[in-house]
Amino acid sequence: MRSAAYPIGVFDSGVGGLSVLREIRRELPAENLIYVADSAHAPYGDKAREFIEARSFAITRFLLHCGAKAIVVACNTATGAAVTSLRSHFTLPIVAMEPAIKPAAAQTTTGVIGVLATRRTLAGQNFVKLFARYGSDVEILAQACPGLVEQVEAGDLAGEKTRDLLENYVIPLVARGADTLVLGCTHYPFLRPLIQEIAGPNVVVIDSSDAVARQLRHRLVAHGLLADTGECGVEQFWTSADPTKTAAIIAELWKPDIKVAKLLEPDSQSAG
Ligand code: DGL
C-alpha cells in the first residue's frame, strides 16, 4: 500500500524535466522527489515511438522499485509516445505534460500562436488533438526545433550555436504574427531568456510546468497521498549517462553540490 511518506518519481529524456521539478518543488515543498535523467538516450525527439515507450516503462519500473507513489512524465515527447500505455499498465497516479495551447489560445490578441516542440511531439496524437480542438479559433504555427535539446544537455543556454538555432525557429513565427509562444518541450524553459530576447517584448512565452505541478497536487490530494509534514523534502538524482557529466549540468540548472547516481537498468536491453 502506497503512503504519503513515499517519494514522487519524475523523469525526462535528460535534464529538461528539471524545469518541471522546479515547479513541483515550489508547489509541494514537503515532498521527496526522485528525478531520472535518461541522458544516455537524449534526445528522444527523433527516435522511434516504440523506443521511447520502452524507455518510459523501464524508468517507471525503476521509480516504482524506489517506492514512488506517483509518476510525473516531465517530457512532452515521452508523454506523446507512452503515457496512454503507462496509464493502462500501472495503477499509480501518472501526471504528464500537455503543451500550453489552451491558455495561449485564450490570451493571444493577434490570433496567432507559435508552438516550439520536438518533431515527435508535433507528430503525436496528443498534439493533433490539441490542434483540432483549438486550431479553428486561432492560427497555430508548429515549429519543430531539432538541436535545442542537445544544446541544453550540453549546458549551452546562450552560446552562438544556440542563438543561431533559436533565431531560425523563433523569428519566422513572430514575422507571421505570433504574439504568444508555447514551449512544448521541457528543455526549452531553460532557454526562455534567449527566446524572449529574440522574440521581443511584445511576445508572451509560456509553458505548462506550473500547471503540471498543480495537477500533481490535485492528484495526490485525491488519492490521500499528499505529504504535508511541514518539513522540507529532498531530491535524489539518477542518470543513465555518466553521473559526473550529468551532475555538472544539474548543478548549473538546479543547484550546486548535488549528487547524481548511475541508473541501474535490469531491462535496458529490452529498452533499446
Ligand atoms: N524534454 C523533452 C520534451 O519535453 C525533450 C525531448 C527530447 O529528448 O527530444 O519533449
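The basis for the numbers below is simple: all heavy atoms, side chains too, and nothing from hydrogens, waters or symmetry mates. One-based numbering, in listed order, for ligands and for the atoms of each.
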Shortest protein heavy-atom distance from atom 9 (O) of ligand 1, along with the residue and atom involved: G45 N, 2.7 Å
Neighbour count >12 (heavy atoms, 6.0 Å) for atom NZ, K262: yes
Atom pair CG (N76) and CZ (F127), whose distance is rounded to the nearest 0.5 Å: 10.5 Å
For atom 4 (O) of ligand 1, the option (of N76, D46, V15, D207) bearing the nearest heavy atom: N76
Heteroatom proximity flag, V149 to ligand 1, N/O under 3.5 Å: no
Per-atom contacts, ligand 1 versus P43 - under 4.0 Å to a heavy atom: 7 (C), 8 (O), 9 (O)
Sub-4.0 Å heavy-atom contact, G14 with ligand 1: no
NZ/NE/NH1/NH2 to OD/OE distance under 4.0 Å, K161 and E150: no
Between E23 and S209, a side-chain donor and acceptor under 3.5 Å: no
Polar side chain donor-acceptor pair, Q151 to H187, under 3.5 angstrom: no
Modelled atom types, side-chain donor and acceptor of S240 and D38, under 3.5 Å: yes
Protein heavy-atom partner closest to atom 10 (O) of ligand 1 - residue, atom, separation in Å: T77 OG1, 2.5 Å
Ligand-residue contact atoms, ligand 1 with Y44, heavy atoms, under 4.0 Å: 7 (C), 8 (O), 9 (O)
Any N/O pair T118/ligand 1 closer than 3.5 Å: no
Pair F62 and F11, ring centroids less than 6.0 Å apart: no
D12 N/O under 3.5 Å from ligand 1 N/O: yes
